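Quantities reported herein were computed from a predicted structural model and do not represent experimental measurements. Naming: A, B, ... by sequence-line order, numbering from 1 per chain.
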Amino acid sequence: MTTLNEDLIYEILSAVEEIPAGKVASYGQIAQLIGKDRNARLVGKVLSISDYYGEYPCHRVVNHAGRLAPHFTAQRERLLEEGVTFKDRNHVDMKECQWDC
DNA sequence: GATCTGACGAAAC
DNA sequence: GGTTTCGCCAGAT
């Protein structure tokens with residue numbers, strides 16, 4: 001496979017853009033949607049290297065604990081504006097706002 | 001080509 | 001609820 005990241009970015013972003021406003025999805029959920037259920041770390045890495053924030057709702061992607069990305073400070077504010085509820089300053093209420101796919 | 005690292009996940013403790 | 005260990009894949013060194 002010589003095509004590398006370009007293909008991964010397409011798959012991941014295609015899944016990310018399906019996340020409805022006011023909801024959040026875990027990396028594992030995205031990974032599963034792209035057919036790589038154990039490849040959640042790739043989702044995060046690809047988003048970090050890509051500059052697609054603004055074109056895709058990558059702020060709606062959080063980890064399994066509802067914790068936000070360590071290098072993505074604006075993420076919390078964006079989610080609050082969309083109506084996502086928080087349990088703590090850095091923890092999303094997964095029970096209420098996790099994407100039901 | 002081997003090793004380490006990473007916006008992670010799940011299970012075990 | 002938190003920490004520890006392991007697993008997974010792709011990129012960087």
Problem - Contact state string [nucleotides 3-9 of chain B, B base, S sugar-phosphate only, - no protein heavy atom under 4.0 Å] - result: ---BBBS
Exercise for the section: Indicate, with yes or no, if Ile19(A) and Val46(A) share a hydrophobic cluster defined by side-chain heavy-atom contacts under 4.5 Å among Ile, Leu, Val, Met, Phe, Trp and Tyr. Expected result: yes
Practice task
Using the rule that two of Ile, Leu, Val, Met, Phe, Trp, Tyr join whenever any of their side-chain heavy atoms come within less than 4.5 Å, decide whether Ile34(A) and Leu42(A) are in one cluster.
Solution key: yes
Practice task
Treating Ile, Leu, Val, Met, Phe, Trp and Tyr as nodes and any side-chain heavy-atom pair under 4.5 angstrom as an edge, say whether Tyr27(A) and Leu68(A) lie in one connected cluster.
Solution key: no
Practice task
With side-chain contact (heavy atoms from CB on, under 4.5 Å) as the test, would you mind laying out the steps for Gln98(A) and Lys23(A) before giving the verdict?
Solution key: CA-CA 6 Å; Gln98(A) 185 168 39; Lys23(A) 292 275 187 174; over 6 Å; no
So which protein N/O to nucleotides 11-13 of chain B N/O distances come out below 3.5 Å?
none

Practice task
Check the distance between dA10(C)'s P and Ile9(A)'s CD1 and give it to me in whole angstrom.
Solution key: 13 Å
Handout entry: Hydrophobic cluster identity match, Val43(A) and Trp99(A), side-chain contacts under 4.5 Å
Key = yes
Exercise for the section: Count the heavy atoms belonging to other residues, nucleotides or ligands that lie under 6.0 Å from CG of Asp88(A), then report whether that count exceeds 12. Expected result: yes
Handout entry: Euclidean distance, atom CD of residue Glu6(A) to atom C1' of dA10(C) [Å, nearest integer]
Key = 15 Å
Completion exercise
Lys36(A) NZ to dG7(C) C1', in whole Å, measures 16 Å
Exercise for the section: Is it possible for you to say whether Ile9(A) and Leu33(A) belong to one hydrophobic cluster, with membership spreading through side-chain heavy-atom contacts below 4.5 Å? Expected result: yes
Completion exercise
note: Gln32(A), atom CD; dC9(C), atom P; distance rounded to Å ~ 15 Å
Completion exercise
Closest non-hydrogen contact found for Thr73(A) with Glu77(A) is O-OE2, 4.5 Å
